[in-house]
Amino acid sequence: MIHPTAVVEPGAVVGDGCRIWCFCHVRAGAVLGQGTSLGMGCYVAPSARIGAGCRVQNHVSVFDGVVLEDEVFVGPSAVFTNVIHPRAFVSRKHEYRETRVRRGSSIGANATIVAGVTIGAYALIGAGAVVTRDVPEFALMLGTPARQAGWVSKLGRRLEFDAAGRATCPEASDEYVLDGGRVRALR
């Protein structure tokens, strides 16, 4: 479904089952994976890559250098940057940094993701957070600048680890282990 007010340039790759809502602009060269949804007023740059099953909410710009892996959620008005030292009067397109959001992660409304960071799989970035450095898998990040406030399961539920470094998702009963400052799902 492509809304009549959306602009999808020839040369953009749009996977089956995508939903592109009103006033979106998808540039030639951009890639949208199968089943992805773009909310009202989104922009997707020529070298941006959005995986399958992603949900990008209203008013998000996915600039050159940004890669969203499969099943990523991006909340309304979240911001991605692609240059560290921008100036209107200096072209720095050769300085674009790759920003990668790994599978299953969620970025809250109005969060800012600074260029060049990687957000680990299934991490949860709180609304309004400003991410300035890499985020581990399953990490819960809050604040400005974003600091780790705990761990979450694949379903985004807070994990409480016991003395042995084990936790169970309260929603799905999946098990996790915390070892050496990293979380991994068992099974």
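Every heavy atom of this structure was used, including side-chain atoms; hydrogens, water molecules and symmetry mates were not.
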Undergrad: So, the side chain of Thr36 versus the backbone of Gly51: is there a donor-acceptor pair under 3.5 Å, distance only?
TA: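 Flag set: sc Thr36 to bb Gly51 pair under 3.5 Å.
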Undergrad: Considering non-hydrogen atoms only, spot the tightest contact between Phe80 and Phe63 and give its length.
TA: O-CD1, 3.1 Å
Undergrad: Got Ile84 and Arg92 here, is their nearest side-chain heavy-atom distance under 4.5 Å?
TA: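 Heavy-atom side-chain distance check fails, nothing below 4.5 Å.
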Undergrad: Tell me if the CG atom of Asp179 is crowded by more than 12 foreign heavy atoms within 6.0 Å.
TA: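 Atom CG in Asp179 is not packed in, count stays at 12 or less.
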Undergrad: Output yes when a side-chain donor or acceptor of Ser106 lies under 3.5 Å from a complementary backbone atom of Phe73, and no otherwise.
TA: no
Undergrad: May I ask you to list the residues sharing a hydrophobic cluster with Leu140, side-chain cutoff 4.5 Å, ordered by chain and number?
TA: Leu124, Leu142, Val152
Undergrad: Using only atom types and a distance under 3.5 Å, with no angle test, would you say the side chain of Ser105 pairs donor to acceptor with the backbone of Gly120?
TA: yes
Undergrad: Quick check: closest heavy atoms across Ser47 and Gly65, and the distance to 0.1 Å?
TA: OG-N, 3.3 Å
Undergrad: Side-chain contact, heavy-atom cut-off 4.5 Å: Val62 with Leu38?
TA: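 No, side chains not in contact.
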Undergrad: Apply side chain to side chain donor-acceptor pair (under 3.5 Å) to Glu98 and list each qualifying residue two or more places apart in sequence or on a separate chain.
TA: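 Only Arg100 meet the side chain to side chain donor-acceptor pair (under 3.5 Å) criterion with Glu98.
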Undergrad: How long is the span from the CD1 atom in Ile125 to the CD1 atom in Ile113, to the nearest 0.5 Å?
TA: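 Taking CD1 in Ile125 and CD1 in Ile113, the distance rounds to 5.5 Å.
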Undergrad: Quick check: is Ile2 connected to Ile50 through a chain of hydrophobic side chains (ILVMFWY, heavy atoms under 4.5 Å apart)?
TA: yes
Undergrad: Between Val66 and Val14, is there a shared hydrophobic cluster once you connect ILVMFWY residues whose side-chain heavy atoms come closer than 4.5 Å?
TA: yes
Undergrad: Over 60° means perpendicular and under 30° means parallel, so tell me whether His3 and Phe23 are parallel, tilted or perpendicular.
TA: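 Plane angle between 30° and 60°, so tilted.
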Undergrad: With Arg103 as reference, evaluate Glu71, Glu137, Glu69 under the salt bridge (charged side-chain N to carboxylate O under 4.0 Å, His left out) test and give the passing residue.
TA: Glu71
Undergrad: With distance as the sole test, does Thr112 use its side chain to make a donor-acceptor pair with the main-chain N or O of Val79 at under 3.5 Å?
TA: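 Side chain of Thr112 to backbone of Val79: no pair is present.
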Undergrad: How far apart are the closest heavy atoms of Gly128 and Thr144, and which atoms are they?
TA: O-OG1, 3.5 Å
Undergrad: Side chains of Cys42 and Trp21: does their closest heavy-atom pair fall under 4.5 Å?
TA: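 They are not in contact (no side-chain heavy atoms under 4.5 Å apart), so the answer is no.
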Undergrad: Please report the shortest heavy-atom distance between Arg27 and Ala12, naming the atom on each side.
TA: O-CB, 3.4 Å
Undergrad: Do side-chain atoms of Tyr176 reach the backbone of Lys154 as a donor and acceptor pair under 3.5 angstrom?
TA: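 Indeed, once roles are kept as given, a pair shorter than 3.5 Å links the two residues.
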Undergrad: Let me confirm one number: the CZ-CD distance from Arg133 to Gln148, rounded to the nearest 0.5 Å.
TA: 12.0 Å
Undergrad: So do Val117 and Val135 actually touch side chain to side chain, heavy atoms under 4.5 Å?
TA: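 Sidechains of Val117 and Val135: no contact.
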Undergrad: Nearest 0.5 Å, what's the CG-CZ distance between Leu159 and Phe138?
TA: 8.5 Å
Undergrad: Specify the closest pair of heavy atoms between Thr132 and Pro145, including all atoms of both residues, with the distance to one decimal.
TA: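 The answer is OG1-CB, 4.1 Å.
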Undergrad: Between Val183 and Phe161, does a side chain to side chain contact (heavy atoms under 4.5 Å, CB included) hold up when you go through it step by step?
TA: CA-CA 10 Å; Val183 168; Phe161 287 91; 3.7 Å; yes
Undergrad: Hey, does the side chain of Thr99 reach the backbone of Gly116 with a donor-acceptor pair shorter than 3.5 angstrom?
TA: yes
Undergrad: Counting only N and O atoms by type, is there a donor-acceptor contact under 3.5 Å from the side chain of Glu9 to the main-chain atoms of Ala28?
TA: yes
Undergrad: Let me confirm one number: the CE-CD1 distance from Met1 to Ile20, rounded to the nearest 0.5 Å.
TA: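 Separation between the atoms: 8.0 Å.
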Undergrad: Is Leu68 close to Val56 at the side-chain level, that is, under 4.5 Å between some pair of heavy atoms?
TA: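 Sidechains of Leu68 and Val56: in contact.
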Undergrad: Report yes or no: does Thr81 contribute a side-chain atom to a donor-acceptor pair with the main-chain N or O of Ala115 at less than 3.5 Å?
TA: yes
Undergrad: Check whether Asn58 reaches the backbone of Pro76 with its side chain - one donor and one acceptor, N or O, closer than 3.5 Å.
TA: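 Flag not set: sc Asn58 to bb Pro76 has no pair under 3.5 Å.
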Undergrad: What distance do Ser153 atom OG and Glu175 atom CD have between them, rounded to the nearest 0.5 Å?
TA: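 Separation between the atoms: 12.5 Å.
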Undergrad: Taking Val101 as the starting point, is it possible to reach Val83 by hopping between hydrophobic residues whose side chains are less than 4.5 Å apart?
TA: no
Undergrad: Of all the heavy-atom pairs spanning Val44 and Ala30, show the shortest one and how long it is.
TA: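 Looks like CG1-CB, 3.6 Å.
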Undergrad: I'd like to know if Val131 and Tyr96 are part of one continuous hydrophobic network [Ile/Leu/Val/Met/Phe/Trp/Tyr, side-chain heavy atoms within less than 4.5 Å].
TA: no
Undergrad: With distance as the sole test, does Asp174 use its side chain to make a donor-acceptor pair with the main-chain N or O of Cys169 at under 3.5 Å?
TA: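 No; zero donor-acceptor contacts below 3.5 Å.
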Undergrad: Answer yes or no: is there a side-chain heavy-atom contact under 4.5 Å between Arg87 and His85?
TA: no
